[in-house]
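Everything on this sheet refers to the single structure shown next.
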Amino acid sequence: KPLVFSGVQPTGNLHLGNYLGAIRRFVALQGSHDCIYCVVDLHAITQWQEPAELMKATREVTAAFLAAGIDPKKHIVFNQSRVMQHAELAWVFNCVARMGWLSRMTQFKEKAGKDRENASVGLFAYPTLMAADILVYRATHVPVGDDQKQHLELTRDIAQKFNNDFSDRIADLGLGIEMKVGEEKVNGFFPLTEPLIEGPAPRVMSLRDGLKKMSKSDPSDLSRINLTDDADAISKKIRKAKTDPAGLPSEIEGLKDRPEAENLVVLYAALAEISKEKVLAEFGGQQFSAFKPALADLAVTKLAPIAAEMRRISSDENYVDGVLRDGGERAGVMAEANMKMVRDIVGLLQS
Ligand code: TYM
């Protein structure tokens, strides 16, 4: 049975990339799938966080999920640290994954920088915890932005190696599910999860540099539109967004090698839920000085209600904590049922 899982880190500012690349798609999947959406606080602490800030950010991401339209009664919303089976399965996966696999992760290389000796062991092992998040529920589909692609490939590699390392045991216990690997039908315990990297904006770029992705950690606040930005801030950031001297082309080909122009057109298309062609049919031939105010108005119209709803929800801390508690309990039951089988498969004596 298809099951959706995804996570968002409670670090810093949620931005338009998080919304268009992930959260808005979380909302859309609710009609067709059972969904589990997680605020991944254990991932956040792979780099030091001010404890009070971490709690605040955990509640804020939760409020963003709810404000965007995720229904915590029909689906599950919780913070990762409440369900310790994530960490337990991550340990098992630390023993399945190979050092070489993790050493190739570009996110680790970027975040650790030059001083790799000084990066936390948790930052190195980050992807095994992410695989555990997904596979502790045996989730089949994971909606994410483009930057998480490599981590999801690793998740499949880990699932496959686990299924392979313990294939006899899985068969003896009758715990396998049939799945296809290429053309071959195999029996495994963990599904080979499918990344859902789709929608109009899987990779929103920085407003200051069209070759860098929009990111929570960019030191320039002008590089991103935060979900909590007010109308003035949104307008100012779009007005100051980097562009090239040419105006908007009438054809898609005219955006080639113009990453900043392309990004603004993508943002308009994604926010208006129309195609890029349609945006260019409307604005082709115009200057950015005419297009930017239209984009700013659109962004404000779409984001202001979410920001207002986030503020309303955030003002009721008890409600937010109640959602996380309830979600954590329901997630915990599912995770424990799978972990019992994992312990049995691996040979961790429980009786
Ligand atoms: P995080 O917290 O960095 O980002 C949350 C989601 O937002 C997407 N995203 C973007 N999409 C489009 N354009 C951008 N500029 C942009 N920036 C971020 C991310 O791809 C992500 O979908 N490792 C994950 C969190 C995680 C997770 C998981 C995700 C932990 N466990 C299990 C899925 C399944 C992360 O750091 O996302």
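The basis for the numbers below is simple: all heavy atoms, side chains too, and nothing from hydrogens, waters or symmetry mates. In each ligand, atom 1 is the first atom listed, and ligand 1 is the first ligand listed. What you are looking at is a predicted structure, and each value in this text was computed from that prediction instead of being measured. Heads up: numbering here begins at 1 and tracks the sequence.
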Just wondering, do [Y] and [X] contact through their side chains at under 4.5 Å, heavy atoms?
X      : Y      : answer
Met334 : Ile76  : yes
Leu102 : Pro127 : yes
Val8   : Val40  : no

Going by the closest heavy atom to [atom], which one wins out of [options]?
atom                    : options                       : answer
atom 4 (O) of ligand 1  : Asn18, Val204, Val266, Leu152 : Asn18
atom 19 (C) of ligand 1 : Thr193, Val8, Val144, Asp147  : Asp147
atom 17 (N) of ligand 1 : Gln148, Met205, His15         : His15

Ligand-side contact atoms (ligand 1) for residue partner [X], heavy atom cut-off under 4.0 Å:
X      : result
Val142 : 33 (C), 34 (C)
His43  : 30 (C), 31 (N)
Ile134 : 32 (C), 34 (C)
Gly21  : 11 (N), 12 (C)
Pro202 : 11 (N), 12 (C), 13 (N)
Asp133 : 28 (C), 30 (C), 31 (N)
Ala22  : 6 (C), 7 (O), 22 (O)

Run the side-chain hydrogen bond (donor to acceptor under 3.5 Å, both in side chains) check on Asn226 and Arg224 step by step: do they pass? CA-CA 6 Å; Asn226 303 308; Arg224 68 181 155 260; 3.2 Å; yes
Is [X] salt-bridged to [Y], cutoff N-O under 4.0 Å?
X      : Y      : value
Lys213 : Asp218 : no
Lys256 : Glu253 : no
Lys1   : Asp34  : yes

Quiz item: cation-pi between Arg138 and Phe189, 6.0 Å / 45°: yes
Can you tell me the protein heavy atom closest to [atom] and the distance?
atom                    : value
atom 22 (O) of ligand 1 : Gly145 N, 3.1 Å
atom 11 (N) of ligand 1 : Gly17 O, 3.2 Å
atom 23 (N) of ligand 1 : Tyr126 OH, 2.6 Å
atom 28 (C) of ligand 1 : Met130 CG, 3.4 Å

Report the C-alpha separation of Asp41 and Ser81 in whole Å, then their side-chain angles, then the decisive distance to 0.1 Å, and conclude whether the side-chain hydrogen bond (donor to acceptor under 3.5 Å, both in side chains) test is met. CA-CA 6 Å; Asp41 47 8; Ser81 59; 2.7 Å; yes
After noting the C-alpha distance and the side-chain angles of Arg343 and Glu88, does the key distance pass the salt bridge (charged side-chain N to carboxylate O under 4.0 Å, His left out) rule? CA-CA 10 Å; Arg343 294 182 201 110; Glu88 185 183 359; 2.8 Å; yes
For ligand 1, is there an N or O atom under 3.5 Å from any N or O atom of Gln9? yes
Gly7 N/O to ligand 1 N/O under 3.5 Å: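 Min N/O separation from ligand 1 is not below 3.5 Å for Gly7.
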Quick one: does Lys216 get a heavy atom under 4.0 Å from ligand 1?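 In this structure, Lys216 qualifies as a contact of ligand 1 - some heavy atom is under 4.0 Å.
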Checking contacts here: is it the side chain or the backbone of Ala201 that comes within 4.0 Å of ligand 1, counting heavy atoms only? Could be both or neither. backbone
Can you tell me which portion of Arg203 lies within the under-4.0 Å heavy-atom range of ligand 1? Options are side chain, backbone, both, or neither.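 Backbone only.
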Could you walk me through whether Asp71 and Gln30 pass the side-chain hydrogen bond (donor to acceptor under 3.5 Å, both in side chains) check? CA-CA 8 Å; Asp71 181 342; Gln30 294 183 108; over 6 Å; no
